[in-house]
Number of protein chains: 2
Amino acid sequence: MDKLGHEFYPEGTLSQPLPRDPILEAQRNWERHGWQDVAEPMAAITALMRTQQILLQRAETVLKPFGLTFARYEMLALLSFARDGELAMNRASALLQVHATSVTNAVDRLEGAGLVARTKHPTDKRTTLIALTRQGRELAAAATVELNAQVFADSGFSDRDISTLIRIFSKFRREAGDFSADEPAPK
Amino acid sequence: MDKLGHEFYPEGTLSQPLPRDPILEAQRNWERHGWQDVAEPMAAITALMRTQQILLQRAETVLKPFGLTFARYEMLALLSFARDGELAMNRASALLQVHATSVTNAVDRLEGAGLVARTKHPTDKRTTLIALTRQGRELAAAATVELNAQVFADSGFSDRDISTLIRIFSKFRREAGDFSADEPAPK
DNA sequence: TCCAAACCCTTGGATATCCAAGTATATTTG
DNA sequence: CAAATATACTTGGATATCCAAGGGTTTGGA
């Protein structure tokens with residue numbers, strides 16, 4: 001579609017690079033309109049959202065050949081680390097930080113693909129357990145290898161920036177109520 | 001719904017804080033499985049995605065009383081800074097970094113709400129211009145006041161961290177091909 | 001004990017995003 | 001100048017997310 005673009009900028013079907021950073025322009029606009037005090041937070045949050053979009057698209061591109069989306073991959077990865085490869089759906093919802101309906105949706109599709117199986121909880125009839133099938137475990141392992149190699153190994157962030165991001169987001173998420181434990185002091 | 005939760009952790013219908021950080025646990029799992037070299041990038045990217053989700057939900061909560069979503073708000077804000085309050089749809093697509101179909105979708109709804117109007121481009125018949133209505137301009141201004149006060153003014157990041165995030169994401173996005181200009185050297 | 005409240009999962013509805021493909025218009029090229 | 005290519009927007013299809021509401025199960029207080 002694009003004359004250039006795909007070879008150089010493989011993130012989606014968007015056009016060539018813009019001559020200016022649109023988020024920096026938005027920041028300047030905020031400052032000009034008298035909102036100096038929030039111009040930088042606005043820019044940081046907007047840039048975060050755009051960065052998330054780019055990274056998500058990279059992951060989806062890698063996972064597509066496996067027939068997986070990032071949401072489904074996250075579910076498989078979570079299960080692959082669970083004791084007995086089994087997890088209650090409400091537990092998955094809490095750990096993945098998504099709505100229960102999103103878990104239902106993902107499990108429906110994964111089950112349809114033969115990658116997970118639903119089981120009844122032995123004592124609590126309300127609860128449904130999810131377990132990886134052998135096929136699901138193998139696919140998760142293969143997909144992880146590719147994600148590691150194609151997305152995480154060359155993330156676009158320096159090692160130093162990665163440590164910084166982990167620190168900043170960890171603090172943010174704790175204050176937002178995601179979790180309550182204290183982090184182990186960095187060595 | 002939750003016994004506790006909403007007053008203290010207003011981000012969605014998720015349950016109480018977890019005792020442990022699930023992303024840190026994932027990082028430990030990666031390390032245990034021999035992927036030490038990508039465990040930190042994985043954790044940083046996963047945390048970024050979760051942080052984006054939290055911030056997006058905060059923005060949506062603030063915008064809901066205005067009948068706006070974040071995507072529609074971004075379109076209104078962009079138009080409010082455009083020369084003559086008018087912008088070609090393909091330009092909006094480039095500046096907002098979303099697919100043309102997403103712009104069509106947003107403009108359909110904004111037009112239905114009387115907030116923007118489509119106009120024909122004077123010379124290029126392929127192109128459609130979008131313009132704010134008076135109502136749209138007023139709503140954008142009011143929504144911005146609330147977003148500034150309720151999301152950006154107390155973002156959950158320190159001033160220092162905000163500067164750091166802007167720097168890291170700016171570099172990342174430039175290298176990802178979002179834009180090509182050099183940043184003005186920080187004063 | 002027993003009934004209201006809480007919890008677990010699912011269904012249905014709304015929105016946003018992307019991709020593929022189609023229509024119309026402009027530009028480029030032979 | 002005409003044909004091929006590129007661009008602009010829309011439509012249709014797929015997926016993910018959330019919320020609201022409903023049915024079944026468990027828990028806890030009167």
Side-chain angles (χ1 to χ4, degrees), chain A residues 1-6 11-16 49-50 52-54 56-57 59-61 63-64 67-75 87-94 96-112 118-121 123-130, chain B residues 1-6 11-16 49-50 52-54 56-57 59-61 63-64 67-75 87-94 96-112 118-121 123-130:
Chain A
M1 294 221 165
D2 296 326
K3 204 175 332 188
L4 16 138
H6 271 118
E11 345 276 4
T13 318
L14 300 174
S15 52
Q16 316 156 30
M49 290 187 173
R50 172 60 185 152
Q52 186 268 350
Q53 187 185 21
I54 291 168
L56 180 60
Q57 283 173 10
E60 299 274 13
T61 299
L63 292 171
K64 190 162 202 170
L68 293 174
T69 63
F70 191 67
R72 294 178 212 168
Y73 169 76
E74 280 189 298
M75 177 70 69
L87 208 61
M89 290 189 63
N90 66 331
R91 184 97 183 111
S93 172
L96 297 175
Q97 306 278 175
V98 294
H99 224 259
T101 51
S102 298
V103 175
T104 295
N105 183 305
V107 171
D108 281 351
R109 297 173 190 279
L110 290 169
E111 193 172 36
R118 279 181 167 94
T119 319
K120 290 254 152 253
H121 184 104
T123 66
D124 189 334
K125 288 181 190 167
R126 296 171 302 180
T127 299
T128 300
L129 300 175
I130 330 162
Chain B
M1 297 221 165
D2 296 326
K3 206 176 330 187
L4 15 140
H6 272 118
E11 345 276 3
T13 317
L14 301 173
S15 53
Q16 317 156 30
M49 291 187 172
R50 171 60 185 152
Q52 186 268 350
Q53 186 184 22
I54 291 169
L56 180 61
Q57 283 173 9
E60 300 273 14
T61 299
L63 292 171
K64 190 162 202 172
L68 292 174
T69 62
F70 191 67
R72 294 180 212 168
Y73 167 77
E74 281 189 298
M75 177 69 68
L87 207 61
M89 291 188 63
N90 66 330
R91 185 99 183 108
S93 172
L96 296 175
Q97 306 277 178
V98 293
H99 224 258
T101 51
S102 298
V103 175
T104 295
N105 184 308
V107 171
D108 281 351
R109 296 171 191 279
L110 290 169
E111 194 172 34
R118 279 182 166 92
T119 320
K120 291 253 152 254
H121 184 103
T123 66
D124 189 333
K125 289 182 188 165
R126 294 172 302 180
T127 300
T128 300
L129 300 174
I130 330 162

Check: protein-nucleotides 27-29 of chain D nitrogen or oxygen pairs below 3.5 Å:
none

Atom pairs under 3.5 Å, N or O on each side, protein against nucleotides 10-12 of chain D: can you list them with distances?
| unit_1 | atom_1 | unit_2 | atom_2 | d |
| --- | --- | --- | --- | --- |
| dT10(D) | OP1 | Arg118(B) | NE | 2.9 |
| dT10(D) | OP1 | Arg118(B) | NH2 | 2.9 |
| dT10(D) | OP2 | Thr104(B) | OG1 | 2.6 |
| dT10(D) | OP2 | Arg118(B) | NH2 | 3.4 |

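Considering CE of Met89(B) and CD1 of Ile130(B), their distance stands at 5.0 Å, rounded to 0.5 Å.
Rounded to a whole Å, the CZ atom of Arg50(B) is 12 Å from the C1' atom of dT17(D). Counting to the nearest Å, the P atom of dT23(C) and the NZ atom of Lys125(B) are 19 Å from each other. When the P atom of dA16(C) is taken as reference, atom CD of Gln52(B) falls 15 Å away, rounded to whole Å. If you measure from atom NZ of Lys64(B) to atom C1' of dT17(D), you get 13 Å, rounded to the nearest angstrom. Straight-line distance from the CG atom of Leu68(A) to the C1' atom of dA16(D): 14 Å, rounded to whole Å. Rounded to an integer number of Å, the gap from His99(B) NE2 to dT15(C) C1' is 18 Å. For the pair Gln97(B) CD and dC18(C) C1', the interatomic distance rounds to 15 Å; values are reported in whole Å. Remark: P of dC9(D) and CD of Glu111(B) are 13 Å apart, rounded to the nearest angstrom.
When all heavy atoms of Val103(A) and Met75(A) are compared, the closest pair comes out as CG1-CE, 3.7 Å. Scanning both residues, Thr69(B) and Glu60(B), for their nearest heavy atoms gives CA-OE1, 3.4 Å. Of all heavy-atom pairs between Leu110(B) and Arg72(B), the closest is CD2-CB, 3.8 Å. Phe70(A) approaches Leu63(A) most closely through the heavy-atom pair CA-CD1, 3.6 Å. Considering all non-hydrogen atoms of both residues, Ala88(B) and Thr127(B) come closest at CB-CG2, 3.6 Å.
Between the Ser93(A) side chain and the Val98(A) main chain, a donor and an acceptor come within less than 3.5 Å of each other.
Here Arg126(A) pairs with Asp124(A) under the side-chain contact (heavy atoms from CB on, under 4.5 Å) rule; sequence neighbours left out.
Close to dT17(C), at under 4.0 Å from its OP1 or OP2, lies no side-chain N or O of Gln57(A). In terms of phosphate contacts, His121(A) brings no side-chain nitrogen or oxygen within less than 4.0 Å of OP1 or OP2 of dC8(C). Side-chain nitrogen and oxygen atoms of Thr127(B) include none within less than 4.0 Å of the OP1 or OP2 phosphate oxygen of dA8(D). Phosphate contact (OP1/OP2 of dC18(D), side-chain N/O of Gln53(B), threshold under 4.0 Å): present.
Comparing Arg109(A) and Thr123(A), the nucleotide of DNA chain D nearest to each residue sits closer to the 5' end for Arg109(A).
Residue Arg72(B) is in sugar-phosphate contact alone, with no base atom involved, counting any heavy-atom pair closer than 4.0 Å across all strands shown.
Looking at Asp108(A) and Arg118(A), their side chains come closer than 4.5 Å, going by heavy atoms from C-beta outward.
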